[in-house]
Amino acid sequence: MTEFASTTLLLLGAFFYFAGTVGLLRFPDVYTRLHALAKADNLGLGCLLAGLALQADSLAAALKLLLIWPIALVASAAVSYAIARRADALRLAPWRGEQGENKP
Amino acid sequence: MTGLELPLALFLLLNLVVALMRAARGPTPADRMLTALLFGSTGVGVLVLLAYAGAAPALVDVALTLALLAAIAGVAFARRAWQDKDQENMGDD
Amino acid sequence: MQGMTKVGDGVTAAVLRRAPMFALLWWVLAEGQSEAWGLGAVAVATATSASLYLQPPSRRRFSITGFLGFAGFFLWNSLHGGAQVAWMALRPRPDLRPEFLELELALPVGSPRVLMLNTLGLMPGTLGVRLDGDRLKLHVLDKRLPVAASARALEAHIARLFGVEHRPPGRPRGGAVNDIKPQSGERLSPPSSGWERGEGP
């Protein structure tokens, strides 16, 4: 039962990482790519950590895995804000559909 | 160990390489900064998977440290973005 | 700093609150190994004194229920946000309607705002771009989604977490959906000069 739950969570985690990468490849501008990475990859990491925590030998080891998640969240929240802020400072206009292409 | 960890770690590594190549290509400097984000999430994921795949529990500590460093770097990064050169009064600390 | 007795009491209470937290953290980091407690005691003492120096005890306290409420809200929304963006990335024909929106923050300056700005990036469809005084510029993935309502809900949770007042501007309480206004150049004047110019240098 635990094994099944763990496997499911691991596969789900890998799926979200994959979706994040696909978003990075397919989305049209830096802002939308940021959405894809910040949200999908973090959820992927969360699922992965939860799946591995189910396999941990002790409660402390499981909690240690889960502790990684909020730290990684702080990292990506701060980095994605910094990137968005930078893109805005560079006056990058957001993509607004085909007719509104901003490429020169 | 379910035997799934190593294949998944390789899968994430492939993801990371593809994403890094995409991000490094730009076209804007902001796009290239996405690489910093990728290491913080995918890099940590690969490390914890490897820790449980090959019974090298110390890699969990490496992952924790990497996440912590990414967080510190990220916050420093964001605080610099805060006081950007166009000198807005953000009204925050 | 201030009068010695007052500060002393606050410090004792803060030590009693914080030291067990750091001890718990050490226990987790050492994965429960009991032989590590010698070093652990030193680490806990150092961490506690460093925290007192960096974050002196103040009257503002986190509320536990506020924290649990925020954590639950956050967990649910990051699931939702991740699933949503995964669907947007994987569906055969991408259908994004990205837009800049502007939101008037109803939270006090300082940590509540910083937390708001940062958690918005992990919520479904929103990304904080710039904080300009009280006005927060957001990037949204799909302007048809009810982002304003969820941003207000997030604000309310953060306000409860910090025990501060939450007053959405314009109206006394809640329900603020229309105070978020689109920033699509043609319809409204841009917030700062020339940000609509397309790619910069």
Side-chain angles (χ1 to χ4, degrees), chain A residues 3-4 6-7 10-11 13-14 17-18 20-25 29-31 33-34 36-38 40-49 51-57 61 64-65 67-90 92 103, chain B residues 1-5 7-9 11-12 14-16 18-23 26-34 36-49 51-52 57 60-61 63-82 84-86:
Chain A
E3 177 127 351
F4 175 72
S6 168
T7 306
L10 290 183
L11 289 174
Y17 273 109
F18 174 70
T21 307
V22 172
L24 178 67
L25 297 177
D29 70 350
V30 65
Y31 301 103
R33 282 181 212 134
L34 264 175
L37 281 188
D41 275 23
N42 279 316
L43 188 53
L45 181 62
C47 292
L48 221 59
L49 291 170
L52 291 176
L54 289 176
Q55 298 181 30
D57 304 323
K64 189 175 180 176
L65 278 171
L67 179 66
I68 297 177
W69 199 49
I71 297 174
L73 286 180
V74 170
S76 56
V79 173
S80 46
Y81 170 68
I83 297 176
R85 180 76 184 78
R86 184 81 189 118
D88 187 59
L90 289 171
L92 299 183
K103 296 279 153 55
Chain B
M1 218 198 288
T2 59
L4 206 59
E5 290 85 359
L8 285 185
F11 176 71
L12 287 203
L14 187 71
N15 257 296
L16 180 61
V18 171
L20 280 179
M21 276 167 27
R22 174 65 191 85
T28 68
D31 281 287
R32 285 189 281 277
M33 282 160 74
L34 291 173
L37 204 57
L38 284 163
F39 277 113
S41 54
T42 319
V44 171
V46 172
L47 284 171
V48 287
L49 279 173
Y52 276 71
V60 175
D61 297 303
L64 190 68
T65 313
L66 178 62
L68 208 53
L69 285 177
I72 294 167
V75 171
F77 213 19
R79 288 185 74 103
R80 276 194 60 184
W82 225 263
D84 215 84
K85 60 170 180 268
D86 37 0

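As a basis for the values below, the full set of heavy atoms in this structure was taken, side chains included, without hydrogen atoms, waters or symmetry mates. Letters go in sequence order (proteins before strands), and every chain restarts at 1.
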Worksheet entry | Distance-minimising heavy-atom pair for B:A67 and A:A72 |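 Where B:A67 meets A:A72 most closely, the heavy atoms are CB-N, 4.3 Å.
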Item to complete: Just jot down the side chain to side chain contact (heavy atoms under 4.5 Å, CB included) partners of A:L11, sequence neighbours excluded, or say none.
Response: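 Partners of A:L11 under the side chain to side chain contact (heavy atoms under 4.5 Å, CB included) test: A:T7, B:L4, B:L8.
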Fill in: Partner residues of A:S76 under the side chain to side chain contact (heavy atoms under 4.5 Å, CB included) criterion, sequence neighbours left out
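Result, side chain to side chain contact (heavy atoms under 4.5 Å, CB included) vs A:S76: A:N42, B:L37, C:L122.
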Does any heavy atom of chain B fall under 4.5 Å from the side chain of [X], the backbone, both, or neither of them?
X	value
A:L49	side chain
A:A56	both
A:I71	both
A:L45	side chain

Worksheet entry | Structural part of B:L12 lying under 4.5 Å from a heavy atom of chain A |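 Side chain of B:L12 only, per the 4.5 Å heavy-atom cut-off to chain A.
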Worksheet entry | B:L69 portion near chain A, given a 4.5 angstrom heavy-atom threshold |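 Contact with chain A is absent: no heavy atom of B:L69 under 4.5 Å.
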Reported [atom1]-to-[atom2] distance for the pair [X] and [Y], which is rounded to 0.5 angstrom:
X	Y	atom1	atom2	value
B:E5	A:L52	CD	CG	6.0 Å
B:M21	A:L25	CE	CG	9.5 Å
A:I83	B:L34	CD1	CG	4.5 Å
B:L14	A:F18	CG	CZ	10.0 Å

Item to complete: Test side-chain contact (heavy atoms from CB on, under 4.5 Å) on B:L38 and A:D41 and set out the steps.
Response: CA-CA 8 Å; B:L38 284 163; A:D41 275 23; 4.1 Å; yes
Worksheet item: Under the criterion side chain to side chain contact (heavy atoms under 4.5 Å, CB included), which of B:L66, B:L47, B:L68, B:V60 is the partner of A:I68?
Response: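 Of the listed residues B:L66, B:L47, B:L68, B:V60, the side chain to side chain contact (heavy atoms under 4.5 Å, CB included) partner of A:I68 is B:V60.
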Worksheet item: What residue in A:V74, A:L37, A:L67 has the most heavy-atom pairs under 4.5 Å with chain B?
Response: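 Most heavy-atom pairs within the cutoff with chain B belong to A:L37.
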Worksheet item: Who wins among B:V18, B:T42, B:V75 for the most heavy-atom pairs under 4.5 Å with chain A?
Response: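 Highest number of heavy-atom pairs under 4.5 Å: B:T42.
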Practice prompt. Evaluate side-chain contact (heavy atoms from CB on, under 4.5 Å) for B:D61 paired with A:K64, printing each intermediate quantity in order.
Written response: CA-CA 9 Å; B:D61 297 303; A:K64 189 175 180 176; 2.5 Å; yes
Fill in: Backbone N/O of B:G74 and side chain of A:Y81: donor-acceptor pair under 3.5 Å
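A pair under 3.5 Å: no.
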